[in-house]
**Student:** 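My questions all concern the structure below.
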There are 2 protein chains.
Amino acid sequence: MADELGIFEVMFNCRAMRRIKPDAVPEDLLRRLIEAAHQAPTASNGQNTRWIIVRDAEQKMKLADLNREARRVAYGSPAPATDPAMARRQAASKWHTDNLQEVPVHIIACLEFETPPLDTFARGVGTGGSVWPAVQNLLLAARALGLGAVPTTLPLADRPTAKEVLGLPENVEPYCLIPVGYPMGNFGPVTRRPIDEIVRWDRW
Amino acid sequence: MADELGIFEVMFNCRAMRRIKPDAVPEDLLRRLIEAAHQAPTASNGQNTRWIIVRDAEQKMKLADLNREARRVAYGSPAPATDPAMARRQAASKWHTDNLQEVPVHIIACLEFETPPLDTFARGVGTGGSVWPAVQNLLLAARALGLGAVPTTLPLADRPTAKEVLGLPENVEPYCLIPVGYPMGNFGPVTRRPIDEIVRWDRW
């Protein structure tokens, strides 16, 4: 694709986009997102990521309800933020919580295991390394295609219920839900602390 | 950067590069890798990834020895592969195992926690989602800059010893080691099963 965005241009302007228009997303773009995700590495090249693309209104409402319940349990009713950046973030989170069912597509990233994993294994370091790189590819691809997205784990916090809603067998574990659609806001750079605060040379 | 590679061009040609030349990598490129990694999302925007960039020969030998020991424990002496693709992979793995200390840079991706995490928490779904997207950004940035890389977890399998080698405090956990340098082989596309085998619509 001669006219595609540059890799660093995308990476440095891949803000979490929570406010999404209800407009439908063409199926070929959704397939393109999964293709991009599928290029990421998996442990021992297992290629065991699995993707549920949810557009059904009833399914999305169930997932949005799970998200609302998990947020209530985790955070209750937080006091209004006084810091402007935090207040913006809080408002975007509230929109996301109230309107998740209106986002046109929910993509759920899963891993399929040969046998039903022990809980600690399913949540383990090695397995996370097989799904989260693919999620990042998907987020970058969405940005490059003009789609807004954000990785969320709260809708899956009640794992047995989430698995039941999605019809997942014992040996398939969901890791995150990514609402996808055309963003209401503008893409832009993310803000990060200076890298000298996060890098050490040779040892801690 | 007007002349940077396109996002999809990089993603679809980001093969795991295990055979690496001993040539040093300029420090500004290493910093560029961390900057790219640092753009990835973290849970609740914690920005708690930490990066140890190891160039010291003695440190690299200790990590290479840990990798050799972990591979011996995990795989023993595997029978030679008969499938050509598997045989190539096996040969690359053997090179990687034998020569890890010669790769000019080992980058270790870590997360810093406010308090020392319980083991299950440190290895949990939520925490993996704060470090592996950054690792994927780093791999893509390396590819875009002409550097070879591959994410590995075996050198960190003996976590107490790995943490001791790296001097990591209780509340900093290592997730993967990425050997980085100029590749001996050529970049190229990865091979993946068709996406219709990994996608379901609305439910499993």
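Atoms considered below: every heavy atom in the structure, side chains included; atoms not considered: hydrogens, waters and symmetry mates. What you see is a predicted model; the values in this text were computed from it and never measured.
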**Student:** So which part of Leu139(A) gets closer than 4.5 Å to some heavy atom of chain B, the side chain, the backbone, both or neither?
**Tutor:** side chain
**Student:** Please classify the contact of Ile107(A) with chain B as side chain, backbone, both or neither, using a heavy-atom distance under 4.5 Å.
**Tutor:** neither
**Student:** For chain B, which candidate among Gln59(A), His38(A), Glu197(A) shows the most heavy-atom pairs at distances under 4.5 Å?
**Tutor:** His38(A)
**Student:** Heavy-atom distance under 4.5 Å to chain B: side chain of Thr191(A), backbone, both or neither?
**Tutor:** backbone
**Student:** Just so I understand: if I count every heavy-atom pair under 4.5 Å between each of Val135(A), Leu140(A), Val150(A), Thr152(A) and chain B, which residue has the most?
**Tutor:** Leu140(A)
**Student:** Filter on salt bridge (charged side-chain N to carboxylate O under 4.0 Å, His left out), then keep only pairs touching residues 127-139 of chain B, sequence neighbours left out; what's left?
**Tutor:** none
**Student:** In terms of heavy-atom proximity below 4.5 Å to chain B, should Thr42(A) be classed as side chain, backbone, both, or neither?
**Tutor:** neither
**Student:** Which value, rounded to the nearest 0.5 Å, describes the distance between Phe8(B) atom CZ and Glu4(A) atom CD?
**Tutor:** 6.5 Å
**Student:** Output the distance between atom CZ (Arg203(A)) and atom CD1 (Ile53(B)), rounded to the nearest 0.5 Å.
**Tutor:** 14.0 Å
**Student:** Tell me which of these, Gly167(B), Cys14(B), Ala134(B), has more heavy-atom pairs under 4.5 Å with chain A than the rest.
**Tutor:** Gly167(B)
**Student:** Look up atom CG in Asn13(B) and atom CD in Gln39(A), then write down how far apart they are to the nearest 0.5 Å.
**Tutor:** 8.5 Å
**Student:** List in chain and number order the residues that pass salt bridge (charged side-chain N to carboxylate O under 4.0 Å, His left out) with Glu58(A), two or more places apart in sequence or in another chain; answer none if no residue qualifies.
**Tutor:** none
**Student:** Where do Arg192(B) and Ala40(A) come nearest, in terms of heavy atoms and distance?
**Tutor:** NH2-O, 3.2 Å
**Student:** Please determine, among Pro133(B), Pro41(B), Ala36(B), the option with the most heavy-atom pairs under 4.5 Å with chain A.
**Tutor:** Pro133(B)
**Student:** Look only at the side chain of Arg50(A) and the backbone of Arg200(B), and say whether a donor-acceptor pair between them is shorter than 3.5 Å.
**Tutor:** no
**Student:** I need the Ile198(B) CD1 to Ile52(A) CD1 distance, nearest 0.5 Å.
**Tutor:** 11.0 Å
**Student:** Heavy-atom cut-off 4.5 Å, strictly under: side chain, backbone, both or neither for Arg31(B) against chain A?
**Tutor:** both
**Student:** Would you call Arg55(A) and Trp201(B) a side-chain contact if the rule is heavy atoms closer than 4.5 Å?
**Tutor:** yes
**Student:** Val10(B), Val190(B), Asn137(B): which one forms the most heavy-atom pairs within less than 4.5 Å of chain A?
**Tutor:** Asn137(B)
**Student:** Nearest 0.5 Å please: distance from the CG atom of Leu166(A) over to the CH2 atom of Trp204(B).
**Tutor:** 10.5 Å
**Student:** Could you look at Ala16(A) and say if it's the side chain, the backbone, both or neither that has a heavy atom under 4.5 Å from chain B?
**Tutor:** neither
**Student:** What residue, out of His106(B), Arg193(B), Glu35(B), has the most heavy-atom pairs lying under 4.5 Å from chain A?
**Tutor:** Arg193(B)
**Student:** Tell me, out of Pro169(B), Cys110(B), Pro151(B), Pro194(B), who's got the most heavy-atom pairs with chain A below 4.5 Å.
**Tutor:** Pro169(B)
**Student:** Give a yes or no on whether the backbone of Asp202(A) and the side-chain of Asp56(B) come within a donor-acceptor separation of less than 3.5 Å.
**Tutor:** no
**Student:** Is Val199(B) close to chain A through its backbone or its side chain, or both, or neither, when contacts mean heavy atoms under 4.5 Å?
**Tutor:** both
**Student:** Using every non-hydrogen atom in the two residues, find where Gly128(B) and Trp132(A) come nearest and quote the distance to one decimal.
**Tutor:** C-CD1, 3.9 Å
**Student:** Supply the atom-to-atom distance Ile195(A) CD1 to Ile34(B) CD1, rounded to the nearest 0.5 angstrom.
**Tutor:** 6.5 Å
